[in-house]
Amino acid sequence: MSLKTGVRPPHLAEEDLLRWIDHQLDLEGSRRVRSHLATCEGCSARLEALRHRSREVSGWIAEIPVQLPDPSRRALALTAVERARTRRRMMAPGTGGALLRVAALVVLMVGLTLSTGAGRSWVGDRVQQAVGPDPGPLGAALLHVFGREPARLAAAPGGGVHESAAPPPAAPALAPRTLSQARQAKAPPRDPGPPPVAFEPQGPEVVLEFDNLQERGMAVLTIRDVPGATARITSGAAGEKLVATASGLQVRNQRRSRAEYTIVVPMRFRVVRVRVAKRQDMVIRVRPSKQEWLWSINLEDTALR
Amino acid sequence: LADAQNQPDDRLNVTQLFLEHYDGLFRYLVRLTGDSDLAADAAQEAFVRLVERPPQDRHVRAWLFAVATNVVRDSARARARWLTLLMGSPERAPVGDLPPLPDAELESLERRRAVRAALDRLSWKERTVLLMREEGFAHHEIAQAVGTTTGSVGTMLARALNKLSAELGATSENLR
């Protein structure tokens, strides 16, 4: 038999006890505290007292009433976040943002240049050179902006120069009209989208259910003093369906959808519940003060981009 | 949520993070400040900054709480300046009486006021570490949020618990 003498380790500090309670000790620390507690009644008692205080304080803090923000406030916050996302996306390098920055710079430079007579004259010369003797309607319009006429001198077959016999280009005023007409000829007629769908939920609650998050798109919800609830696809329709249900509206969309929706709910309903792809419901309580508020429901799933 | 989803990257789904963390962040901020308007503003600001300057190497939830805490701390400084001005010219203070309350509500209100007051008497860091602990953050995450060491968080937490317990234990006895 042998006996070893040793020094009893010092008592545990209160912060160590707290780290033990909160499971914040590493392996070595846990081993040290456990072995000390096994042999020290004083520290074990202090541990229990601290645990009791911790629970007590948690209870008191939980008593502080916290009313979650009004849904409209929440929606405003979400809208602010969406705006920030849009700003960031537009300014991101490698996207249209870079182009936008260059465009802004060009506009600034052109503005500065055109604000002086010399600048206007210089730009007019460059435009005249660029459009040549046969500027066409757009070139003629540009020349007109800078107070120039198309250069009518053209190289003669014999090497000399003479005034071109060609008639002057079309009057500049014609150019916008021509462009506009061309645009109208090319642009397909505006698609009014599918007709609106009326829905009539039974009970005081409206459930708006979207089957999926989408590649892109947003739904705008308005609560308004109208007789009936309606929904429509305002743009980007590609096979999505709006289906009236007993509880409200089901939007049968796909993950690849890019449609935008407008939904109007009458004031007489008490609650609007928005459910997107089985995620947690967003609940909007209808109050008279919330009439004509817009809620933007972001449907975009960035993982699909 | 899985950790991978909490890690910031270019595909950060801010809307999803908003839906998951906004309410918890708001609750924490109300308890930290006692002011729901300030809490809503700070929570919104934290999410906007998440979009504008996403964190590179920290968990998003802890980052959001840290940023929002800084936002309210800065606002609190501005408010302190405003209060100083107000003390100099009381006519600037908003006027109006609170409506009378029933007895039961009054008692509950008294207790909540006592908790609020006790929290307010803690130092800013003590209150922050205590309330972040209540939200389930690890000590190292709390340390990052308040700019201190993990060891100091344990010390501050123990001190805050003792202060609140000493003050509110006595108050609770009086209210019983």
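In what follows, chains carry the letters A, B, and so on, assigned in the order in which the sequence lines appear, proteins first and then strands, with residues in each chain numbered from 1.
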Please look at [X] and chain A and tell me whether the side chain, the backbone, both or neither of the residue comes under 4.5 angstrom of a heavy atom of that chain.
{"X": "B:T155", "value": "both"}
{"X": "B:V48", "value": "both"}
{"X": "B:E134", "value": "side chain"}
{"X": "B:F47", "value": "both"}

To the nearest 0.5 Å, what is the distance between [atom1] ([X]) and [atom2] ([Y])?
{"X": "B:N162", "Y": "A:L50", "atom1": "CG", "atom2": "CG", "answer": "7.0 Å"}
{"X": "B:M156", "Y": "A:L18", "atom1": "CE", "atom2": "CG", "answer": "12.0 Å"}
{"X": "A:Q24", "Y": "B:L157", "atom1": "CD", "atom2": "CG", "answer": "9.5 Å"}
{"X": "B:S165", "Y": "A:R55", "atom1": "OG", "atom2": "CZ", "answer": "13.5 Å"}

| said: For a 4.5 angstrom cut-off between non-hydrogen side-chain atoms, does B:L119 reach A:I64? | reply: yes
| said: So A:E300 and B:T15, do their side chains get closer than 4.5 Å, heavy atoms only? | reply: no
| task | Without swapping roles, check the side chain of A:E14 against the backbone of B:A158 for a donor-acceptor pair under 3.5 Å. | result | no
| query | Does any N or O in the side chain of A:R279 come within less than 3.5 Å of the main-chain N or O of B:L19, such that one atom is a donor and the other an acceptor? | reply | no
| field | Side-chain donor-acceptor contact under 3.5 Å, A:S54 with B:R133 | value | yes
| Contact winner vs chain B - A:H23, A:Q280, A:E15, heavy-atom pairs under 4.5 Å | A:E15
| field | Contact winner vs chain B - A:D16, A:L78, A:N298, A:V276, heavy-atom pairs under 4.5 Å | value | A:L78
| note | Heavy-atom nearest pair, B:R112 first then A:E63, reads CD-O, 3.5 Å
| Do you know the tightest heavy-atom contact between A:R19 and B:G151? | NH2-O, 2.9 Å
| For atom CZ of A:R270, is the number of surrounding heavy atoms from other residues, nucleotides or ligands below 6.0 Å larger than 12? | yes
| field | B:V51/A:E82 under side chain to side chain contact (heavy atoms under 4.5 Å, CB included): CA gap, chis, key distance, verdict | value | CA-CA 9 Å; B:V51 174; A:E82 291 302 331; over 6 Å; no
| query | What part of A:I21 gets closer than 4.5 Å to chain B, counting heavy atoms only: side chain, backbone, both or neither? | reply | side chain
| task | Measure A:R74 against the heavy atoms of chain B and call it side chain, backbone, both or neither at under 4.5 Å. | result | both
| said: Show, in sequence, the C-alpha distance, side-chain angles and deciding distance for B:L130 and A:I61, and conclude whether the side chain to side chain contact (heavy atoms under 4.5 Å, CB included) test is met. | reply: CA-CA 10 Å; B:L130 186 66; A:I61 289 173; 3.9 Å; yes
| Quick one: of B:H139, B:E45, B:E52, who has the most non-hydrogen atom pairs under 4.5 Å with chain A? | B:H139
| note | chain A shares the most heavy-atom pairs under 4.5 Å, among B:A118, B:G154, B:A160, B:G34, with B:G154
